[in-house]
Amino acid sequence: MKVGVVTFPGSNCDEDALLAIREHVHLEAVPLWHKDHDLQGVDVVILPGGFSYGDYLRAGAIARFAPIMQEIAAHAKRGGPVIGICNGFQIACEAGLLPGGLLRNDHLQFRSMPVTLRVESTATVFTREASAGALLTMPIAHGDGRYSADAATLDRLEGEGQVVFRYVDATGHPTSAANPNGSLRNIAGVSNASGTVVGLMPHPERALDPLLGSTDGLVLFRSLLALTKA
Amino acid sequence: MTAQRTPPSASHGVRPRPGDPTITPALVAEHGLTMDEYGRLERMLERTPTFTELGIISALWSEHCSYKHSRPVLKTLPTQAPWVLQGPGENAGVISIGDGLAIAFKIESHNHPSAVEPYQGAATGVGGILRDVFTMGARPIAMLNSLRFGSLETPRVRYLVAGVVKGIGDYGNCVGIPTVAGDVMFDPAYEGNPLVNAMCVGLLREEELIRAKAEGVGNSIIAVGARTGRDGIHGASFASEDLSEENEAKRPRVQVGDPFTEKLLLEASLELIRSGHIVAIQDMGAAGLTSSSAEMAERGDVGVTIDTTKVPVRETGMTPYEILLSESQERMLVVATRGHEAEVQAILAKWDLVAEVIGEVIAEPVYRVTEGDRIVAEFPGTRLVTDCPQYHPEARESEEAIARRTRDVAAIAPKGEEADPAWTLERLLQSPTIASKHWIHRQYDSTVRTGTVSGPGAGDAAVIRIRGTTKAIAVKTDCNGRYVYLDPRVGGRIAVAEAARNVACTGATPRAITNCLNFGNPKKPEVFFQFREAVYGMGDACRALETPVTGGNVSLYNENPQGAVYPTPTIGMVGVLDDAAHATRMTFTTPGDAIVLLGENTDELGGSEYLSWVHGVVAGAPPHCDLDRERALIGTILEAIRAGQVRSAHDCSEGGLAVAIAESCMGDRARPTGARLDLTAWGALPLRALLFGEAQGRIVVSTAHAEAVLAIAQRHGVPARVIGQVTAADQGLTIAAAQGRCTSTIDRLATAYHEAIPRAMARAAAETVTETAGGTR
Amino acid sequence: MTRFTVSVKIVPRHGLLDPQGKAVTDALHTLGFASVRDVHVGRLLVIELEAADTAAAQAKVREMCERLLANPVTEDFVIAEIAKA
Amino acid sequence: MTRFTVSVKIVPRHGLLDPQGKAVTDALHTLGFASVRDVHVGRLLVIELEAADTAAAQAKVREMCERLLANPVTEDFVIAEIAKA
Ligand SMILES: Nc1ncnc2c1ncn2[C@@H]1O[C@H](COP(=O)(O)OP(=O)(O)O)[C@@H](O)[C@H]1O
Ligand SMILES: [Mg+2]
């Protein structure tokens, strides 16, 4: 299996994502260039974190028009797995690959800190190895992470099991104190209806090595291995 | 004006540009040149300079570029060690860390721009120091920041803090470099003239090291990156003046940073350096095109010629003067091998950036600027930057500093509340200088690049692993300006010693420093005294600790209407851990562990945060700094950590032993512990000196193997003693001393320490909207 | 072709939180502007473009808003002003 | 006292680098909007306040802009519209 990581101008977690796949799940990983129309035959696409186009106008707004995004949309439509991390999540929402949008944090500041997530759905390509209700610790680092959608959409997402991660406290409760950015219903990550496209604000690729304090991000990438076996 | 002047047209073909002002004494003065300096310029040219030439020299001979007041003193600093690959004089210093790898690092100030526009001033400071590091061929892997502000009680200071922190964060976060450490102090001495120093650390393979040295006659000079606008013209000379009201009008237009372009420039530059198509690269920083081209020519001892009409500009009608002196951000100057210009342009185009050939390296030893066919400036020789005047200003210690230092601070009566030392401890923990800086660094992405083993607030220094090896580096900035003010020589020593101690507490061997010398107006004898003595003190410590100086930055004229800021020679220290797994943090982890104090408690209250914060007194001699003992202490902690005998290590700094212990208990708010201490062994010491005095050379260690740690200390000749035990958090903190007892709950201490700055800054949120029109971040 | 300057206001979609508006309101109150009832903060885009006439300029800008400038999920836009430059 | 709604436009000061405006201009060009010459991105504030009359409302808002809303070093502001609510 082959994983592609897109580099947009301003991406800055692309290298981290490539290393995550190569060093921690031992799969082939290739960089994908935003100006290309070539997915190089990858099975999975990672939209990495960073500040594509400087986050000017709106985070992710300009990146979604990059040539490679046409191919990624087609790949997603075919049922190909895509994960958007942080800025990648913002891009995926802007591109309509995922519902909702990410607005400025409610406190108007950038936030860099570890958060606790509760796994809400294991029915996605990226969480099938996780157990429902499991608590995962990983860092966030963003200024525009307030997940928003209208109430009807939110209800639908909850109903269809498309809420994948929620910000919770150490005991697993989605309190407002545990919500680092004002996301509606403490939503940290969502998926498309089929569970093949997932977006989340926290950084699983920064939680893979005991030396860095947490290995809880591994489960997302390990879930991909099931694809190889299938 | 001197008598025998030839009109510019008579020789060299240099003609005044139509429309440019004529040179008058007033114009010369406006450019910050003395008449003596102007005379030197005329003698150098053997004629009257043109307006463009006056502008060039005014920038190059500013303190910022020429070090005309500081160079002789700086020359006394040690700069060599077997591991130093590049000492002062380049864009950044470089040390080897083995395995063919090297670390490039440098610190720089952006004080004046930040005083005027905190957000953009701080942001562009980060941008500039990043470029200094990646132009060495290094990929930036960590950023640090050292900040000094006035009292957090004033709204203007809160506005500055909010803007500076957001500016640093937004820029570094966007480029994707983790900001991992720093230091912050608050004191009225910095009111009106904050210090904003940014440090960048990069990683390179030794063979990829590139220098900013123009070479090869016929090679092309290429401007790369952003277009040139009318930003910050004369920033360099401006940085060399007092920030007084008369200068307010001269305020240059602020420079606006674009971290997005910087990120592209970073990738393009590293690709360019690796491509082999270029021989030199330098950031267009202060004094922009002028200083970058003149410095590259001087290093290569070659001539250059530049055509300003070839420079890509953002605005119409820009004059050569403006183009040469613009400080537009995110620009580079590159010398490309002749015939490889197209390859250079192709690499830049890949990253959506422009590259234009604007000049050439020439055999003729001149620095020449043309505007199309017209020569608008021409200087003989290649030593424009160092052919500047040198000054040896008078140095005299101020009476006030002497009076303050010699004051008997033991005579200051304790306040009534101090009868309970817990009151004093909680109060000190609320001092913004001591309190947790979490409000600041939670706005900095500290985990991007997946290398941060120990980030801001976790240890005495940050630890960054080096991929592909077992190694890590530790980095930290430090300087207590109050000590330097009270005794510059001792203060200079302590700045280096504390930085080294912080790095050693994580398990890293201190290796080298960069420094940012923030002082007042050097023409004042008392300021020059501070400068000279502080540099001597730094030199003493660098020699003793074998941490040579690989570069730095001088920022003078840091004054406000009340006078100079505290002399603040900020030290940026880099250390190396052979095994990243040894990285040690500052907080206690395990109830039952013994607490060992390495070093000795003394009766020294002078210059302490206690006197300043609790009594409003800045006086007394700062603590002694015995460099041999510091060296032995560092040897001890390193050996103990490497032997696996240390669970946590934290040095005693502002607030003394009691604060260090409290921080070790609740610095990590999510995982607090308690502690029970017995300090009765120091029965002769006054209680407040024992608890809050800032004696140097002390480290608080927690360990499961106290005997082993004591034995190591003994071998190094370092006093060491078990002073207590780590307990569960609900046991609180108790310190028993001969002259009193200090007890408090961990919750109270944690609240004091963690909530002081957020509480103050919540007021700022209601006072200021630091949003800028452009920013979406 | 004539040169036009078109201003576009982009505001958070009704019902979504406007934390910037709230922050500004609070700050104004702290500064003593007690008579302020409410503040809304939006984005202002000033677009200079060439077009045959006002209607064409307006149509073009509308298209820009729909495709890029505003996010239909979270924002509303209004073309506020069209002036010949 | 009457209730007024005052709109304030805040834009980056002319001549200063406007990286956001540039990014949006470039993006519009990429999308085929070739007739776009320039874009500036600023903020729009809509302030609801009580004041005796239009002149008083305007004076108050001007003071707010000078003291808080616009950054005097990097931004220009225009009071664009005053309406009775
Ligand atoms: N401006 C800052 N940015 C990032 N980290 C900071 C900053 N200021 C302080 N820190 C971090 O907070 C911790 C405590 O710093 P400091 O009080 O200076 O320690 P010490 O007294 O041991 O020198 C360190 O981990 C330091 O890196
Ligand atoms: Mg300190």
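No experiment lies behind these values; they were computed from the predicted model shown. We name chains A, B, ... by the order of the sequence lines, and we start the count at 1 in each one.
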Aromatic plane relationship, A:Y53 with B:F260 - under 30° parallel, 30 to 60° tilted, over 60° perpendicular: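 Rings of B:F260 and A:Y53: tilted, 30 to 60°.
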Do the side chains of [X] and [Y] get close enough for a salt bridge, i.e. N-O under 4.0 angstrom?
X      : Y      : value
B:E208 : B:R139 : no
B:K263 : B:E330 : no
A:R104 : A:D55  : no
B:D445 : A:R206 : yes

Could you state the interatomic distance from CZ (A:F65) to CD1 (A:I91), rounded to the nearest 0.5 Å? 12.5 Å
Enter the distance from B:Q120:CD to B:T124:OG1 here, rounded to the nearest 0.5 Å.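 Going from CD on B:Q120 over to OG1 on B:T124, the span is 7.0 Å.
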With respect to chain A, which residue among [options] yields the maximal number of heavy-atom pairs within a distance under 4.5 Å?
options                : value
B:V463, B:V175, B:I177 : B:V175
B:V448, B:V453, B:T452 : B:V448
B:H441, B:R467, B:E262 : B:R467
B:L264, B:T261, B:N173 : B:N173

Report which part of B:V165 has an atom under 4.5 Å of a heavy atom belonging to chain A: side chain, backbone, both, or neither.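 Interface part for B:V165: neither.
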Examine whether an atom of A:D209 lies under 4.5 Å from a heavy atom of chain B, and if so say whether it belongs to the side chain, the backbone or both; otherwise answer neither. side chain
Partners of A:K2 by salt bridge (charged side-chain N to carboxylate O under 4.0 Å, His left out), sequence neighbours excluded?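 Scan of A:K2 (salt bridge (charged side-chain N to carboxylate O under 4.0 Å, His left out), adjacent residues dropped) gives none.
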Heavy-atom pairs under 4.5 Å with chain B, option from A:P9, A:G213, A:A170, A:S112 with the top count: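 Option with the top pair count is A:S112.
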Looking only at A:H107, A:H142, A:Q109, the option with the highest number of non-hydrogen pairs under 4.5 Å against chain B is A:Q109
Which residues from residues 11-27 of chain A are near chain B, with near meaning under 4.5 Å between non-hydrogen atoms?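 Under the 4.5 Å heavy-atom cut-off, A:S11, A:N12, A:C13, A:D16, A:L19, A:E23 qualify.
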With side chains defined as the heavy atoms from C-beta onward, is the minimum distance between A:P99 and A:Y147 less than 4.5 Å?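 With C-beta onward as the side chain, the pair touches.
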Do any N or O atoms from the side chain of A:D216 and from the backbone of A:M138 form a donor-acceptor pair under 3.5 angstrom?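 Here the side-chain-to-backbone pair does not exist.
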